[in-house]
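Take a look at the structure set out below.
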Amino acid sequence: MSSQLIINCKLAGVHKQQGPLRGAELAELPCIEDGWLLIEDEHIAALGVMKDIPTSLTTHPAIDASGCWLLPAWCDSHTHLVYAGSREMEFVDKIRGLSYAEINARGGGILNSARVLGETSEDILFDQAWKRLHELSRLGTASIEIKSGYGLTVDGELKMLRVIKKLKQRSRLTIKASFLGAHTYPPEYRDDHRGYVDLIIHEMLPVIAREQLADYIDVFCEKGFFDPAETETICRAGMEYGLRPKIHANQLNLSGGVQVGVKLGALSVDHLEMMDDASIAALKESDTIGTLLPTAAFFLRMPFQPARRLIDAGCAIALASDLNPGSSPSGNMNLVVAMSCIQMQMLPEEAINAATINGAYAMELGAVTGSLTPGKRADLILTRPIPSLAYLPYAFGSNLVDRVIIGGELV
Ligand code: NIG
Ligand code: FE
């Protein structure tokens, strides 16, 4: 058995509680001021305060992390990490004044990425995704959800999901896959929505289920994309195969996506830039997690998600990066946490909990990772020496992540 000991550090996220944190609980980030943590193989074996360290460990070789914080690694519960190429030309169009909706309407956006994906081999797609995943692991992400949705044909969606499956098999990160065939209507189905929904339900889903390529079903529930009735039909078809919904809701409009998600018992409803009292009331009464994606709001110059209203209403919220080529070309969770504090008035403790333990629950990994709890996977971030935990989001843009440990191994 391999074991590693980290001593003289501050520990954050020493949670005992089960279940996602909601409302005022989100600000509770249990810490140990002067602590130690023992890793055995891929798990956290034990932790505690330095003055009570067991005598059996006093001669154990150790990393002396004086002045540093040890945190759970980031749990990024919403990404589109697998995509082909990039879309910086649309970024320039946006600078010149076009909106995201206008770019989509003229065949850019998701359709642009779908075209490039169609011309990209599975091996090249895998290599591009692998590099991104490696970069994110160095920034502290150890668990990640990845969506399909740039295929939009049977072959294209299967290609993406097979790449995600290969990433799952080869990477140390814990990965969950969501099938997002309903990302947009491909051009040939623009006037035949029923035809595309049928393709998803009768051609894509059976193969995906047979090859066990997805954990969740996702739909972009949005004006001009999939309406609440279509969203429900597609999600119910996925649920027949055991895929729980995790849906894109209320990004550009009050789409009704939150209510559909809650009605279907979705694991999460994600984005939530546009929330009214009725959507907040629906979410707070449910077990569905509201996942906020501030870097997407930032990149599209949209209003930020109303995190304070959601927390104060008692909702369970998570933070994620939405990494994708169109609305969040960064998957840096350190930036997500900083932006949530700066722009959404989340306390550093709230943002860290939302990006770790609640993110883990938004991938059904809450019992496995997301906190410094003995028995969980040793998915850890060790910071550089910093004066306080609030310094992390405060000094945004500095890379304060010194070492990342995923499943007990240094990356
Ligand atoms: O989550 N909103 C829909 N899907 C992505 C963006 C996709 C794209 O522009 O490529 C999102 O923001
Ligand atoms: Fe997204």
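Applying the salt bridge (charged side-chain N to carboxylate O under 4.0 Å, His left out) criterion to Arg115, with sequence neighbours excluded, gives no partner residue. Glu119 pairs by the salt bridge (charged side-chain N to carboxylate O under 4.0 Å, His left out) definition with nothing, not counting sequence neighbours.
Contacts classified as ring pair (Phe, Tyr, Trp, His ring centres under 6.0 Å) and involving residues 289-313 (residues at least two apart or in different chains) are given here: Phe91-Phe299. Pairs passing the ring pair (Phe, Tyr, Trp, His ring centres under 6.0 Å) check and including a residue from residues 376-411, sequence neighbours excluded, read Tyr391-Tyr394.
In summary, Arg244 and Glu364 engage in a salt bridge, as defined by a charged side-chain N under 4.0 Å from a carboxylate O. Look at Lys159 and Glu122 and you find no salt bridge, because none of the NZ, NE, NH1 or NH2 atoms lies under 4.0 Å from a carboxylate O. Between Lys166 and Asp123, at least one side-chain N (NZ, or NE/NH1/NH2) sits under 4.0 Å from a carboxylate O, which counts as a salt bridge. In summary, Arg194 and Glu230 do not engage in a salt bridge, as defined by a charged side-chain N under 4.0 Å from a carboxylate O. A salt bridge links Glu145 with Lys147; the closest basic N to acidic carboxylate O contact falls under 4.0 Å. The existence of a salt bridge linking Asp312 and Lys284 is excluded, since no basic side-chain nitrogen approaches an acidic carboxylate oxygen closer than 4.0 Å.
Atom CE in Met363 sits 7.0 Å away from atom CG in Asp76 (nearest 0.5 Å).
Atom CD of Glu88 has more than 12 neighbouring heavy atoms from other residues, nucleotides or ligands inside a 6.0 Å radius. Atom NZ of Lys165 sits in a crowded spot, with more than 12 heavy atoms from other residues, nucleotides or ligands closer than 6.0 Å.
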Checklist entry - Yes or no on salt bridge (Lys or Arg N to Asp or Glu O under 4.0 Å) for Glu90 and Arg87, after CA distance, side-chain angles and deciding distance? => result CA-CA 6 Å; Glu90 292 177 4; Arg87 303 218 307 262; 2.8 Å; yes
Next on the checklist: One pair to check against salt bridge (Lys or Arg N to Asp or Glu O under 4.0 Å): Arg162 and Asp155. What are the steps and the verdict?
Outcome noted: CA-CA 10 Å; Arg162 286 179 184 136; Asp155 287 349; over 6 Å; no
Checklist entry - So Cys235 and Val260, side-chain contact (heavy atoms from CB on, under 4.5 Å) or not? Walk me through it. => result CA-CA 10 Å; Cys235 286; Val260 179; 5.8 Å; no
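The heavy-atom pair separating Cys9 from Ile6 by the smallest distance is SG-CG2, 3.9 Å.
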Which donor-acceptor pairs under 3.5 Å do side chains of residues 245-256 form with protein atoms, sequence neighbours excluded?
unit_1: Lys246; atom_1: NZ; unit_2: Ser77; atom_2: O; d: 3.3
unit_1: Lys246; atom_1: NZ; unit_2: Ser268; atom_2: OG; d: 3.1
unit_1: Lys246; atom_1: NZ; unit_2: Ala362; atom_2: O; d: 2.6
unit_1: His248; atom_1: ND1; unit_2: Asp218; atom_2: OD1; d: 3.1
unit_1: His248; atom_1: ND1; unit_2: Asp218; atom_2: OD2; d: 3.1
unit_1: His248; atom_1: NE2; unit_2: His78; atom_2: NE2; d: 3.0
unit_1: His248; atom_1: NE2; unit_2: His80; atom_2: NE2; d: 3.3
unit_1: Asn250; atom_1: OD1; unit_2: Ser255; atom_2: OG; d: 3.1
unit_1: Asn250; atom_1: OD1; unit_2: Gly257; atom_2: N; d: 3.4
unit_1: Asn250; atom_1: OD1; unit_2: Val258; atom_2: N; d: 3.4
unit_1: Asn250; atom_1: ND2; unit_2: Met274; atom_2: O; d: 3.0
unit_1: Asn253; atom_1: ND2; unit_2: Glu222; atom_2: OE2; d: 2.7
unit_1: Ser255; atom_1: OG; unit_2: Cys221; atom_2: O; d: 3.1
unit_1: Ser255; atom_1: OG; unit_2: Asn250; atom_2: N; d: 3.2
unit_1: Ser255; atom_1: OG; unit_2: Gly257; atom_2: N; d: 3.1

Pair up each side-chain donor or acceptor in residues 352-359 with any protein partner under 3.5 Å, not counting sequence neighbours, and list the distances.
unit_1: Asn353; atom_1: OD1; unit_2: His15; atom_2: NE2; d: 2.8
unit_1: Asn353; atom_1: ND2; unit_2: Leu26; atom_2: O; d: 2.7
unit_1: Asn353; atom_1: ND2; unit_2: Glu28; atom_2: O; d: 3.1
unit_1: Asn353; atom_1: ND2; unit_2: Glu349; atom_2: O; d: 3.4
unit_1: Thr356; atom_1: OG1; unit_2: Ile352; atom_2: O; d: 2.7
unit_1: Asn358; atom_1: OD1; unit_2: Leu21; atom_2: N; d: 2.8
unit_1: Asn358; atom_1: ND2; unit_2: Leu21; atom_2: O; d: 2.8
unit_1: Asn358; atom_1: ND2; unit_2: Ile317; atom_2: O; d: 2.9

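Donor-acceptor pairing under 3.5 Å is lacking for the side chains of Gln128 and Tyr83.
Phe220 has its ring centre less than 6.0 Å from the ring centre of Phe225.
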